[in-house]
Amino acid sequence: MINREDLAALDKADPLANLHDRFELPDGVIYLDGNSLGPLPKNVPARVAEVVQRQWRDDLIRSWNIHDWDRLPLSVGDRIAPLIGAGPGEVLVGDSTSVNLFKLMAAALELRPERKVIVSQSGNFPTDIYLAEGLIRQLGDGHELRLVDGDDVLGAIDDDVALVSLTQVDYRSGHLQEMANVTHRAHDAGALMLWDLSHSAGVMTVDLAGAGADFAVGCSYKYLNGGPGAPAYLYVARHLQDQMRQPLSGWHGHAAPFEFETHYRPAPGIVRQRCGTPSVIGMSVLDAALDVFDDLDMAAVRAKSQALTGHFIDLVEQRCGGHGFTLATPRDPACRGSQVSWHHENGYPIMQALITGCVIGDFRSPDILRFGFAPLYLRYVDVWDAVTVLQRVLADGSWDRPEYHARAAIT
Ligand SMILES: *Cc1c(COP(=O)(O)O)cnc(C)c1O
């Protein structure tokens, strides 16, 4: 049985240990919710000050040229590209993940006009499903959303399918899809493949090019630590960029936005995915947040993530066994992302008690306690200490206080 000293020894040997100091983490807090909102990187406030108090204040409108503000969607996209197996000019930053899903799903359906089916999972993140429903309603052209329960996605892909739209790591269970396998199957059936990387980018090696994926989207405020509401990103494989159109034909995706032509002409390449004016402050924050990933060995990040999640599973079972937790996450580290989720009938109040005890995870309806493990700033001893708090709130029954049962608007 592993103990705290063993975990402290792992911290000593951890090649990523020094990255902890790159983040502002409140004293005493064990932050297991970087999959919902990454913490503040220490270099971000200075960048915000630079953009706001110097570029905006002093250089005003000239900043669009002087400080390359207009290139941020591309330049920040090029920094995300290596994290997701994309090349330069294949990733664009902007809009939200939801909006980017709409743009790419619409483009995909237009590329496969003779096919009417989008395949996804009923357990996919709701916005991914809702946007498909909204798009289908708007097209009014007899499209169908085929939702698969569970993991039998492959069985649902046939010759009617235009697009397979999946999230690589399930936000509830942490189940990791076999990206290459599913993508090949989609292509064999003549369908296009879209991946949502919101819960995978930044904690593991993602290889869109290796899998041959067509499209991808992702959040940058989760494991990429880009800050609340940070602009999202999208990926379009280079060979599709000039064949496809996107429905939000705003002026920033025009071939010559400052010619102010009467009619829309799409820009070549990834630029046609732009819509309106980029959010400069948000993109600059994300740009600074990405510094920590420069030259980072993502294989080491993945290895640490698997070790952290594995120890957490073992320790909860050893120290909190008999308290009614059922593991919702795959036990095989190769089949999970960087989170551990447990079903528990009192999941909500237990999580509130943990948060009061400075162990911050989150709750996902109907009964899931979700703990995200970000290897950049978590220590192995944090795993031990988090389980200590969990053990305490269970043993002393403090989780059952009435105030912990009252649901907040945001869980
Ligand atoms: C977090 C998340 C989103 C969020 O989309 P927003 O438009 O940023 O609100 C979308 N999809 C998945 C899979 C997510 O995990």
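For ligands, and for the atoms within them, numbers begin at 1 and follow the listed sequence.
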To the closest 0.5 Å, what do you measure between CG (L166) and CD (Q121)? 5.5 Å

Does T97 approach ligand 1 within less than 4.0 angstrom via side chain, backbone, both or neither, non-hydrogen atoms only? both

C219: numbered ligand 1 atoms lying under 4.0 Å from its heavy atoms: 1 (C), 2 (C), 3 (C), 4 (C), 8 (O)

Taking non-hydrogen atoms only, is D128 closer than 4.0 angstrom to ligand 1 via side chain, backbone, both or neither? side chain

Counting only heavy atoms not in R245, do more than 12 fall under 6.0 Å of its CZ? no

Atoms of ligand 1 less than 4.0 Å from H199 heavy atoms? 15 (O)

In Å and rounded to the nearest 0.5 Å, what is the CG to OG distance from L101 to S96? 8.0 Å

Any atoms of ligand 1 less than 4.0 Å from a non-hydrogen atom of K222? List them with their elements. 1 (C), 2 (C), 3 (C), 14 (C), 15 (O)

Cationic N near anionic O, under 4.0 Å, K304 to D14: yes

For ligand 1 and T167, I'd like to know whether there is a polar contact (N/O to N/O, distance under 3.5 Å). no

Interfacing atoms of ligand 1 (cut-off 4.0 Å, heavy-atom, Y221): 1 (C), 4 (C), 5 (O), 6 (P), 8 (O), 9 (O)

Find the distance between CZ (R146) and CD1 (I157) and round it off to the nearest 0.5 Å. 9.5 Å

Should A232 be listed as contacting ligand 1, given a heavy-atom distance under 4.0 Å as the test? no

Ligand 1 to S96, heavy atom cutoff 4.0 Å, flagged ligand atoms 7 (O)

Hey, is ligand 1 close enough to S98 that some N/O pair sits below 3.5 Å? yes

Does the R370 side chain pair with the main chain of D362, one donor and one acceptor, at a distance under 3.5 Å? no

When you measure from the side chain of S120 to the backbone of S165, do you find a donor-acceptor pair of N or O atoms at a distance under 3.5 Å? yes

Of all protein heavy atoms, the one nearest atom 13 (C) of ligand 1 is D196 OD2, 3.2 Å

Give a yes or no on whether the ring-centroid distance for H344 and F325 is below 6.0 angstrom. yes

